[in-house]
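Within every chain, numbering begins at 1; the chains are lettered A, B, ... in the order of the sequence lines, protein sequences first and strands thereafter.
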Amino acid sequence: GAVVSQHPSRVICKSGTSVKIECRSLDFQATTMFWYRQFPKQSLMLMATSNEGSKATYEQGVEKDKFLINHASLTLSTLTVTSAHPEDSSFYICSAWAVLAKNIQYFGAGTRLSVL
Amino acid sequence: GENVEQHPSTLSVQEGDSAVIKCTYSDSASNYFPWYKQELGKGPQLIIDIRSNVGEKKDQRIAVTLNKTAKHFSLHITETQPEDSAVYFCAAEIAGGTSYGKLTFGQGTILTVHP
């Protein structure tokens with residue numbers, strides 16, 4: 001299957017700082033990338049849908065000013081958690097999708113964010 | 001919107017036994033149903049998927065069945081091995097709809113295979 005690279009795999013930061021997470025599709029051009037949040041022992045919760053060159057579409061209840069998404073190219077999307085607080089600590093996962101990639105969502109390995 | 005229910009939430013089997021996980025969906029327009037395996041601390045990995053134009057698909061020890069009329073689909077793992085232990089998620093998508101690629105996930109099943 002296709003490869004989606006997500007970095008960093010783990011980040012620990014102080015409260016009030018911002019953290020950027022990168023998601024790259026390595027072997028196909030992703031027209032759409034998705035960002036999920038996952039709490040322990042729970043399912044994936046979609047945060048936003050990101051299309052290259054346009055503004056991200058956020059799910060209800062997700063603060064767009066808190067979670068900034070940039071999808072500047074067909075192979076790179078970034079999620080920036082601004083002014084992080086302990087309640088933002090979670091596992092963040094991205095995925096990449098394209099019609100030419102057989103309509104399949106390929107997931108990154110996830111980023112464990114811990115805010116102290 | 002689409003709602004996907006997954007059962008059971010936990011499943012414990014002996015090595016060599018079969019495991020079955022079931023999901024139901026609410027939107028009859030859904031036409032793509034992937035299954036993902038997620039190991040601890042990792043991202044989900046696609047293990048098998050099925051589209052609404054077929055009723056069954058098999059890949060070695062893994063099979064998926066789809067009943068469009070009843071709106072449910074199931075994952076079957078035969079001859080389970082300890083390395084099959086993980087969390088499994090089903091999902092549904094209206095492929096070709098306005099929400100391109102958007103998946104609705106089930107709640108997940110923690111599968112434990114005992115040696």
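- A donor-acceptor contact closer than 3.5 angstrom is absent between the side chains of B/His76 and B/Ser18.
- Taking CD of B/Glu56 as the reference point, atom CD1 of B/Ile50 lies at 7.5 Å (rounded to 0.5 Å).
- Interface remark: B/Pro34 contributes no atoms to any contact with chain A (heavy atom separation under 4.5 Å).
- In terms of heavy atoms, B/Cys90 sits closest to B/Phe73 at CB-CE1, 3.6 Å.
- A distance of 12.0 Å separates CD1 in A/Ile93 from CG in A/Leu79, rounded to the nearest 0.5 Å.
- In this structure, CD1 in A/Ile21 is found 10.0 Å from CD1 in A/Ile69, a value given to the nearest 0.5 Å.
- With sequence neighbours excluded, the residues that form a side chain to side chain contact (heavy atoms under 4.5 Å, CB included) with B/Ala29 are B/Asp27, B/Ile94.
- Note that OG1 of B/Thr80 and CG of B/Leu111 are 7.0 Å apart. Values are rounded to the nearest 0.5 Å.
- Only the side chain of B/Leu46 comes within less than 4.5 Å of a heavy atom in chain A; its backbone stays farther off.
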Enumerate, by atom name, each donor-acceptor pair separated by under 3.5 Å where one atom lies in chain B and the other in chain A.
residue	atom	partner	partner atom	Å
B/Tyr36	OH	A/Gln105	O	2.7
B/Gln38	OE1	A/Gln38	NE2	2.9
B/Gln38	NE2	A/Gln38	OE1	2.8
B/Gly43	N	A/Ala109	O	3.2
B/Arg51	NH2	A/Lys102	O	2.7
B/Gly101	O	A/Gln105	NE2	2.5
B/Lys102	NZ	A/Glu59	OE1	3.4
B/Lys102	NZ	A/Glu59	OE2	3.1
B/Gly106	O	A/Ser43	OG	2.7

